[in-house]
Each structure stands twice: as C-alpha cells, then as structure tokens.
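What you see is a predicted model; the values in this text were computed from it and never measured. Starting from 1, each residue takes its place in the sequence as its number.
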Amino acid sequence: MKAVLFKKDFFKFTFYFIKRKQSIKPKKIMNFKFLYLKHYLILLAALFFYTNSISQNTKLKVLVIVNGENNLKVDLNNTPFTGGGLLGVLISQSVQNNLNDEKSKKLISLMDGFQEYKFKHADFIKSNYEKLNQSIDATVKNKNEVTKYFNDKSKLNFDTLKQDNWQSVIVIDETLGFFRENLKEDKFVIYLTSVINAFDVEKKKSLEKIVLLNKSPRKLYHIDEIFSDKNILKENYASLYPNVDNTTYYRLLGRDVFHNFSKSQKLEDSFHSVKKKLKEYSNKFELKLPEVDKWSSFNTNNSFSFVNAPRKDKANVALITSIELAIEELGQKDMTLEEFSANNISKLSNAGFEIDLNSEKPKMNINSENIVYIINLPKGGKSIFVDQKFDEYIISREIVLVQKDYMTFFDKYKLDIEKYLNETYLITKSVTN
C-alpha cells in the first residue's frame with residue numbers, strides 16, 4: 001500500500017446522480033441544471049483515450065437514424081422538464097396551454113423558415129462520432145430517407161433491417177425548443193432534447209434508452225431580438241451539434257452499447273466492456289477526504305467522482321473532485337499535466353463554455369505543482385479548476401461558485417477549500433497480474 005497526498009479534486013460533476021447522505025432534498029443543495037452540459041463531458045473523460053486505443057483495422061458498423069420531425073416546441077413557463085419526471089424533455093403541453101398567446105404563435109411561425117435546417121444535424125453526426133472513435137463506421141440517415149425501416153406505428157421493422165444486413169441501430173428523436181428562462185425580462189434560450197434508443201436487430205430489442213437535454217450556452221435572447229433575426233435559431237441549433245454528439249457518444253460508450261453491438265458483429269476483442277474496465281480500476285485506490293467543519297459530502301454513485309459543499313451555502317458553493325487514470329490500459333500512459341489541462345479546456349470550450357482569460361486567478365496555498373484555469377458560468381459566477389498529477393493519477397478540482405459576487409464566497413471558504421486541496425489522500429493498492 002502507498003499513500004499519495006494530493007491537493008485537488010477532479011471531476012466535473014454530476015448533480016444528476018447526487019443523493020445527499022443525510023435527509024436533505026436535492027433541490028435544496030444547488031441548482032446545478034446549468035452545468036448539465038459539462039456533466040457528461042467529464043464523467044467519461046478517460047474513455048476518450050481508451051476507445052482510440054482500439055485496433056483501427058476493425059470497424060463497427062452502425063446505422064444512425066435521426067428523427068427531426070418534431071421540431072419546434074415553445075415553452076413559456078419556468079421549467080424545461082416534464083411533470084412526469086422524464087428528464088430532459090421539453091414541455092410540449094405548454095404550446096397548447098399558450099396557443100392563443102401571441103408570443104407563442106410568433107415563435108412557432110419562425111419554423112416556416114427553418115424547415116430546411118431541421119434535418120442538417122445528420123450531416124455532421126458521422127464525422128463527429130468518427131473523430132471520437134475511428135473504429136466506428138457510422139451510416140447516418142434522416143428518418144424520412146429510410147421510411148421502409150419503420151412500420152405504420154413508427155416502430156422499427158427489424159426484418160427489413162436484417163434483410164439489408166444491419167445489425168446495430170441507433171434512433172435519435174430530436175426536439176428543438178425555445179425556452180423562456182428569464183420570465184421577468186422575457187428572454188429565451190435554445191434547447192435541444194434528444195431521446196436516443198440503441199437496438200440489437202438480431203434480438204429485436206432495445207439495448208439502452210438515453211434522454212439528453214442540451215442548452216445553447218451562447219446567451220439569452222429577448223423575444224424581440226428573436227423575431228428580428230431568424231438566424232438566431234439556425235446558428236444556435238448548429239452550435240449544439242458537437243456537444244450533443246460528444247455527449248451521446250460517451251453515454252452510449254459508458255453504458256457498453258458499443259461493446260454489446262460488437263457481440264453481434266463478433267468484434268468483442270476490439271470493443272471491450274468499459275464498465276468492466278472502470279470497475280476493475282475503481283478497486284485499486286481509495287480516496288480519503290479530510291473532515292471539514294460545517295461541510296457535507298454527497299454520494300455520486302461513481303467511484304471516480306466526489307462532491308463536497310458547505311451546509312449553509314450549498315446552493316452557492318460546491319467542490320467537485322474527480323480522478324482520471326494515466327495508464328497504458330486506457331491509452332493515456334505518461335500523459336502530462338499540461339496535456340490533460342489543455343484537453344479539458346478544449347472540451348469545455350467546444351461545449352460552449354467561455355474560458356475566462358481576464359480575471360486574476362485567486363491566490364491559494366497549494367502544496368504541489370498545479371494548473372489553474374477559470375470558466376464563466378452561464379448565469380454569472382465562475383468555476384475554478386485546479387489540476388494536479390500524482391504518479392499514474394490525474395486529479396482535478398472544480399470549485400463551483402454560482403453567484404456573480406463569486407469572490408465573496410471564495411474568500412469566505414478559502415481556508416476550507418485549501419484544506420481539501422492539501423489534506424486529501426489517495427491510497428493505492430498493489431496491482432498483481
């Protein structure tokens with residue numbers, strides 16, 4: 001056994017999974033919905049290198065069908081979630097509730113000039129997937145191009161797919177929407193929801209269903225601005241493509257969809273189980289966080305992710321810790337700290353988050369080499385990242401400060417944060433073959 005002292009938590013975080021260890025309702029902890037885009041970018045960060053270490057001589061053939069027929073929805077209410085609890089689905093009922101509302105009518109009318117654009121996403125999915133994993137051979141079609149693969153009830157016709165030699169199919173149902181995020185000022189953001197179903201053709205069954213909500217991080221638009229510039233809808237829709245595709249890919253990868261696809265194509269040796277690999281390594285270390293007065297820890301249900309927050313200000317401050325493995329088995333042996341931070345900054349930037357190059361980095365007493373960078377949060381506030389490397393582990397901390405006067409909260413909890421950074425221990429276990 002060996003102990004490694006490190007100073008930073010790493011992991012972009014996962015409020016979607018967080019369950020308080022004590023009896024506190026999640027909604028009282030922090031409104032993390034605006035960080036939804038970041039969550040899955042980081043949750044499976046190590047998998048990017050793992051999948052690119054797969055043999056490039058083997059291709060997994062996948063048919064991806066995109067259904068964009070449901071665009072466009074308008075939500076004039078105050079939440080983008082359905083009352084039934086289906087995460088990420090825009091409230092379509094609000095369109096009916098506000099049918100006589102002049103604003104709703106005008107927004108829906110903008111769809112008239114959007115018809116040609118709602119099928120554009122399919123043109124980008126293939127290249128986006130193959131950038132992430134060159135061993136995937138994706139054929140991407142809009143639903144209206146492959147109607148023969150659906151029956152009268154819009155269900156997949158597995159027999160026809162099988163006749164055309166398709167074994168693995170992903171169907172993506174998209175809904176683009178205007179969501180009024182600021183009721184008082186009548187300002188909207190652009191949302192795109194995706195319901196992704198992965199199917200095994202031979203077994204005639206769904207392997208996985210995933211629902212994603214992606215919000216354009218560009219800005220809030222006043223309704224008059226939207227009416228005067230129809231390009232807003234087009235530009236925001238296109239800006240969502242890279243992050244939507246990245247998030248979809250990593251979610252499918254992390255749930256072993258590609259691994260299960262490979263079984264039917266006899267490619268298991270090239271597409272290993274990600275769940276199994278991560279579980280194997282999760283048993284090789286133990287994280288020891290310090291006891292900090294008046295702070296609580298939260299269960300993320302993830303061995304590589306840890307969240308802590310001050311009890312009195314849990315709606316304003318959080319510290320997220322994640323661990324990534326710089327090992328040969330994940331294709332990132334000898335990754336330097338500089339390479340990791342640069343890659344992480346690139347991911348955040350591609351997701352639409354603004355990297356703050358102007359603000360002075362807050363002074364912190366940290367006992368080891370580190371790289372610090374800051375991003376701007378959509379509603380004000382900052383996330384301060386501190387990355388470190390210890391042996392084969394890369395550790396990154398995200399200090400989430402959601403208020404515009406973020407330095408007030410940082411100064412208030414600076415000593416507590418430094419204690420987490422300097423008094424956290426990673427206990428690694430000997431690995432025997």
Side-chain angles (χ1 to χ4, degrees), residues 2-13 35 37-54 131-134 242-243 246-247 249-250 277-278 281 284-285 287 304-306 319-377 382-401 410 417-418 420-426 428:
K2 63 177 180 178
V4 181
L5 175 64
F6 64 79
K7 296 57 181 186
K8 290 240 141 204
D9 286 60
F10 157 139
F11 201 40
K12 303 184 185 183
F13 88 72
L35 290 173
L37 286 173
K38 284 196 297 177
H39 167 54
Y40 281 108
L41 285 175
I42 309 305
L43 178 60
L44 299 172
L47 304 181
F48 173 82
F49 295 95
Y50 170 65
T51 55
N52 277 315
S53 68
I54 293 171
K131 284 177 185 176
L132 293 166
N133 190 340
Q134 296 177 17
N243 190 58
N246 285 6
T247 304
Y249 170 79
Y250 283 121
K277 182 63 66 174
L278 290 181
Y281 281 96
K284 295 181 180 179
F285 70 88
L287 190 70
F304 297 87
S305 171
F306 308 85
L319 182 63
I320 295 96
T321 302
S322 298
I323 300 173
E324 184 167 335
L325 304 168
I327 58 176
E328 185 175 1
E329 289 85 347
L330 294 180
Q332 49 193 41
K333 181 177 174 61
D334 300 326
M335 171 186 277
T336 66
L337 181 61
E338 290 75 14
E339 288 170 338
F340 171 81
S341 296
N343 187 47
N344 199 38
I345 290 171
S346 177
K347 289 180 182 178
L348 291 165
S349 179
N350 289 340
F353 289 95
E354 182 183 7
I355 310 302
D356 185 351
L357 302 176
N358 299 317
S359 298
E360 182 179 355
K361 296 175 183 176
K363 292 182 171 62
M364 291 180 280
N365 294 317
I366 305 174
N367 296 338
S368 69
E369 180 183 357
N370 61 85
I371 294 177
V372 178
Y373 47 96
I374 303 172
I375 67 168
N376 296 321
L377 300 180
K382 309 282 183 180
S383 269
I384 303 168
F385 291 84
V386 188
D387 297 340
Q388 295 173 292
K389 183 179 180 182
F390 298 88
D391 294 339
E392 61 184 3
Y393 296 90
I394 295 174
I395 296 114
S396 170
R397 301 282 177 95
E398 180 182 2
I399 305 163
V400 184
L401 305 159
F410 176 82
I417 292 170
E418 288 178 345
Y420 276 113
L421 298 182
N422 292 317
E423 297 182 21
T424 297
Y425 292 86
L426 186 70
T428 62

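- Listed here is the closest heavy atom pair of Met364 and Ile399: SD-CD1, 4.1 Å.
- The shortest distance between side-chain heavy atoms of Phe306 and Thr424 does not fall below 4.5 Å.
- Residues Ile394 and Lys389 approach most closely at CG1-CG, 4.1 Å, considering heavy atoms.
- Considering only heavy atoms from C-beta on, Leu377 comes within 4.5 Å of Ser383 through its side chain.
- Counting all heavy atoms, side chain and backbone alike, Asn370 lies closest to Gln388 at CB-CG, 3.7 Å.
- Looking only at distances, no side-chain donor or acceptor of Lys382 sits under 3.5 Å from a matching main-chain atom of Ser359.
- Ser346 places no side-chain N or O within 3.5 Å of a backbone atom of Ala342 that could act as its donor or acceptor partner.
- Side-chain atoms of Asp391 do not come within 3.5 Å of backbone N or O of Tyr393 as any donor-acceptor pair.
- With values rounded to the nearest 0.5 angstrom, Asp356 atom CG is found 4.5 Å from Asn376 atom CG.
- Within the 4.5 Å cutoff, no side-chain heavy atoms of Leu319 are placed close to those of Val400.
- A donor-acceptor contact shorter than 3.5 Å is absent between the side chain of Glu398 and the backbone of Ile320.
- Of the possible donor and acceptor atoms, none in the side chain of Asp387 sits under 3.5 Å from a partner among the backbone N and O of Phe340.
- Put simply, the side chain of Asn422 never gets that close to the backbone of Ile366: no donor and acceptor are under 3.5 Å apart.
- A centroid separation of less than 6.0 Å is found between the aromatic rings of Phe304 and Phe285.
- With a 6.0 Å radius and a threshold of 12 heavy atoms from other residues, nucleotides or ligands, Glu339 has its CD atom above the threshold.
- A distance of 5.5 Å separates CG of Leu348 from CD1 of Ile355, quoted to the nearest 0.5 Å.
- Note on ring orientation: taking the six-membered ring where Trp is involved, the planes of Phe385 and Tyr373 are parallel (angle under 30°, cut-offs 30° and 60°).
- For the atom pair CD1 (Ile417) and CG (Leu401), the distance works out to 6.5 Å, reported to the nearest 0.5 Å.
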